[in-house]
Amino acid sequence: MIATTQQNMTTELQDLGSSDGPPRNWKGIGIAMVVILAVMSLVILSVILLTPESHLLLRSHLTMEDLESEEFKVHDPCVAWLNNEVALRTREGHVLSFSLNSNLTSTLLDNSSLDLTTTKFQVSADKRFVLLTYNIQPVFSQSFTASYAIYNVANDLLELNPPQREKAVLQYASWGPQGNQLAYVCDGDIYYKLSVTSKPLRLTTTDQEQNVVNGLSDWTYEEVLLTYVAHWWSMDGARLAYLSINNSATPVMEIPHFLGGLYPSNVLFPYPKAGSSIPSVSLFVVNLYGPAHTLEMMPPDSLRADSYISMVTWISSTRLAVRWLNRAQNQSVLCVCEATTGACSEKHKMAMDIMQNQRQDVPLFSADGSVFYTILPAKQGARGEFHHIAGLSVQPAIPSVPPRFLTSGSWDVTLLCALDEKAGKYFLSTEESRQSRHLYLDGVFQRRCISCNLIDGCRFFKSEFSPNQTHFTLYCLPGIPKVTVHSTKDPTYVILEDNSPLSKALEDKRLPETLFRTLPADNHDLHLKLSLPQGYEANLHPLLIIDGVPGSQSVTEEFVLDWPQVLSSTQSVALAWVDGRSGVGRGQKTTAVDPRKLGSLRVKDYLGVVLLMQLPYIDDRRMALYGKAFGGYLTLKMLAATDKLFQCTAAMAPITDFRLYAAFSERYLGLPAKEEHAYSTASLLEEVNKLKDENFLILHGTADRVHFQHSAELLSRLVKVEANYSLQLYPDEGHVLREPRSVQHFQRTVVNYLQNCMKHSVLLDPIEDEEEED
């Protein structure tokens, strides 16, 4: 039977290959096959295009190579106000001036002869000169040294050199508010020039051995003021206020730099740790018109020692508002100082909430200076306290007279932007939703939203007003960031930057979808921002939880394009940001916590995300953590507090013991300065046994402001218990990685590490019961 069948098959094959019989039309058959394939391709393409979410199949993943290319960068035009004009830098590097009255644009400086892509610029008030900052060398998080040149719009270039002092380098330079007056800081002293062509006048004289810096922040004040600049011009340019920071009693930190020489070099700088002496600070005002005359603004008696200055602003040409903080930064005193006498009078005292970072909030004063407006907590029924605009008299406060609140509701005013005596107060708030920010006008008769429905797709803004309050810029931050300029009288606007190259580059990329969720917890809610792979409901996805900064809000609609989005796009990883007891937009009832319990409460809040396990598209066997600095401390705390709940953790420059960290960290702990033993409750060093069998990666720059000492102390203990960990160091890199190669290496290292650890679950699938199987 088999033999007969094989013989028949052989005969058929021979007949098929025989030349006998009618000829085949091979050309026609080929054409028919091409037509059939084309029709099938069209049918398949139609099915793809008409199937929901099928367009995603045609998009490519976001890659690390994309992040590193220019077309994927957000361009910041660096908009600066010049009354009713704005100066900005184009993507090509030209510095332009745009008139809001005439809608005309003029070129102040083009890039034909100068490379302006890595240069900062400032335009003088009279628009005759552009101050260029180049060869920028970062020092700490905000500070830097640089070379400066003054460009005359009439095409002359003039170097701005320090006075004839040995090895002197300019630390900072800036224009004044009138003409082309100029101030700069060199070797900790301030110099003033009435005009570009004038000789410099030395305003301060400091012995370098005294360890005093004038007009600029030292390491500590970079973290208090959140800016390098510590001097402020009066509006008429007649006076200059400045801080004088004395570190003569502050302990010195030594950081080795390993690269570039046969022997390592050491960088020494004052660094107060928890419980040690902090820098003493004084506020001076110098008269610039006529003979230079300097007066010290005297603080309240209760804050003469161990205090910080966190905010300075001019009210008029002769009066300033100053905020002093006690050392623990839980009490704030707002004063008004007379620049002509140095006398300061206390106007408002309040407790500072650790979860509401209001240290730098600037109050707004009426034209006659009799009333000022600020943001204060206001009781809003059962929801607790929310932050709203309050008006207070500048006259000595009467304790029985409470502030007069201008806004109310279960939402927060996050920033006072401008005060128009006729129109009202402009402010940013969370009234529409907790994760949004819109610009509102609190007018005489009603409150209205200025930015709502103004720009399609924009629900999170920041704003800056012109000096005369007639125009403002809006920075649209969700989606593709845009910058527009507006008139307070006219609803039309001009687009200064739309980042169209980035928008085009992202058109064909599979980016995560963003969802917002609220989960109930003990007496408060957990607010979540979830970035999920497109088409997420069809599969189970590993989860990466990313920690933020205490007092900040992570759950917002701001645009982000970084390595976590690459991990989500290429590896289908879900991303989660958590706001637990952050006070923004949710009432202060849930945020009044003991600062000493902040770490444990944050850990408890973050562990509340185990509720995410109930989401059908989250794989609860593949969860990981990432955090930096304080976030690194919390992620390792969470890892130690659980048993194999998280597969792995990546911690960048983690704080491991608050006794090793700066003195301003005392605000997180609420401890008296000398109770050093109490800081042991905020240490990871006693957790090594709990971390022994966990999988984690520590990354650290050897010149980080969270000193490598933190990781070194932890690692020495981990070695003793033979723990399982990975370590990546970045020589001579600070808290923000500067070298492009270091940035790329860091991003790829974290992505590869998390990708590998979340690829498979460490937990075995449960074995089914044999009886049930039978």
Side-chain angles (χ1 to χ4, degrees), residues 139-143 171-172 183 185 187-190 203-233 239-253 269-286 294-314 320-339 342-347 349 352 357-362 662-667 673 705:
V139 179
F140 301 125
S141 61
Q142 309 284 342
S143 55
Q171 295 169 276
Y172 188 79
V185 182
D187 285 343
D189 281 320
I190 306 174
L203 301 180
T204 62
T205 302
T206 302
D207 185 346
Q208 293 298 302
E209 296 181 359
Q210 294 177 346
N211 212 343
V212 175
V213 60
N214 297 289
L216 295 177
S217 298
D218 68 340
W219 189 93
T220 303
Y221 268 86
E222 286 186 27
E223 306 300 325
V224 174
L225 296 174
L226 298 184
T227 179
Y228 185 35
V229 181
H231 59 266
W232 301 267
W233 297 86
R239 290 178 172 84
L240 185 72
Y242 64 91
L243 293 188
S244 182
I245 302 170
N246 189 325
N247 276 292
S248 56
T250 308
V252 174
M253 188 72 190
F269 61 95
Y271 184 93
K273 294 193 176 186
S276 64
S277 297
I278 63 174
S280 62
V281 63
S282 301
L283 175 64
F284 292 95
V285 173
V286 57
T294 304
L295 280 177
E296 182 179 359
M297 306 296 106
M298 302 306 297
D301 291 338
S302 60
L303 294 173
R304 294 269 173 122
D306 265 9
S307 62
Y308 298 100
I309 292 176
S310 67
M311 185 278 303
V312 177
T313 186
W314 284 92
L320 307 95
V322 185
R323 179 177 288 116
W324 272 275
L325 303 177
N326 65 343
R327 174 164 180 156
Q329 299 190 40
N330 56 16
Q331 291 288 332
S332 163
V333 178
L334 181 67
C335 296
V336 172
C337 299
E338 299 293 336
C344 298
S345 56
E346 183 178 315
K347 301 304 177 185
K349 180 183 293 185
M352 296 292 288
N357 192 0
Q358 295 178 289
R359 292 174 295 153
Q360 295 86 20
D361 282 359
V362 178
F664 59 76
S665 66
E666 291 162 353
R667 72 174 182 264
R705 61 183 172 86

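- Between D306 and I278 the shortest side-chain heavy-atom distance falls below 4.5 Å.
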Determine all donor-acceptor pairs shorter than 3.5 Å in which one atom belongs to a side chain in residues 225-232; sequence neighbours excluded.
unit_1, atom_1, unit_2, atom_2, d
T227, OG1, V229, N, 3.3
Y228, OH, F144, O, 3.4
H231, ND1, G215, O, 2.9

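- When atom types are taken as modelled, the side chain of Q360 and the backbone of V224 share a donor-acceptor pair closer than 3.5 angstrom.
- Rounded to the nearest 0.5 Å, atoms CG (N211) and CZ (F269) are 12.0 Å apart.
- With contacts defined as side-chain heavy-atom distances shorter than 4.5 Å, the pair M311/V362 qualifies.
- A donor-acceptor contact closer than 3.5 angstrom is absent between the side chains of N246 and S280.
- Residues W324 and M297 approach most closely at CZ2-O, 4.2 Å, considering heavy atoms.
- In this structure, the side chains of P300 and C335 come closer than 4.5 Å at one or more pairs of heavy atoms.
- Counting all heavy atoms, side chain and backbone alike, Q171 lies closest to D187 at OE1-N, 2.9 Å.
- Distance check: R323 CZ to T313 OG1 gives 10.5 Å after rounding to the nearest 0.5 Å.
- The pair E222-R705 does not count as a salt bridge, with every side-chain nitrogen at least 4.0 angstrom from each carboxylate oxygen.
- Counting heavy atoms from C-beta outward, S143 and S217 have side chains that stay 4.5 Å or more apart.
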Practice prompt. Determine, step by step, whether T294 and L203 satisfy the side chain to side chain contact (heavy atoms under 4.5 Å, CB included) criterion, reporting the C-alpha distance in whole Å, the side-chain angles of both residues, the deciding distance to 0.1 Å, and the verdict.
Written response: CA-CA 9 Å; T294 304; L203 301 180; over 6 Å; no

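- To the nearest 0.5 angstrom, L283 atom CG is 5.0 Å from I309 atom CD1.
- Atom CD1 of residue I245 and atom OH of residue Y221 lie 6.0 Å apart, to the nearest 0.5 angstrom.
- For C344, the disulfide bond (SG atoms under 2.5 Å apart) partners at least two apart in sequence or on another chain are C337.
- D218 is linked by a side chain to side chain donor-acceptor pair (under 3.5 Å) to N247, counting only residues two or more places apart in sequence or in another chain.
- Atoms CG and CD, from L334 and E346 in turn, are 9.0 Å apart once rounded to the nearest 0.5 Å.
- Residues meeting the side chain to side chain contact (heavy atoms under 4.5 Å, CB included) test with A662, sequence neighbours left out: W219, Y271, F664.
- One distance of note links CD1 of I190 with OG1 of T204; it measures 5.0 Å at 0.5 Å rounding.
- The two residues T206 and G188 have their closest heavy-atom pair at OG1-O, 4.4 Å.
- Minimum interatomic distance between R327 and A663 (heavy atoms only, all atoms of both residues): NH2-CB, 3.8 Å.
- Nearest heavy-atom pair, V285 versus A339, reported as atom, atom and distance to 0.1 Å: CG1-CB, 4.0 Å.
- The shortest side-chain heavy-atom distance between S244 and V212 falls under the 4.5 Å cut-off.
- With sequence neighbours excluded, no residue satisfies side chain to side chain donor-acceptor pair (under 3.5 Å) with S307.
- For E296, the side chain to side chain donor-acceptor pair (under 3.5 Å) test picks out S282, with sequence neighbours left out.
- Looking at every heavy atom in both residues, P251 comes nearest to S277 through CD-O, 3.7 Å.
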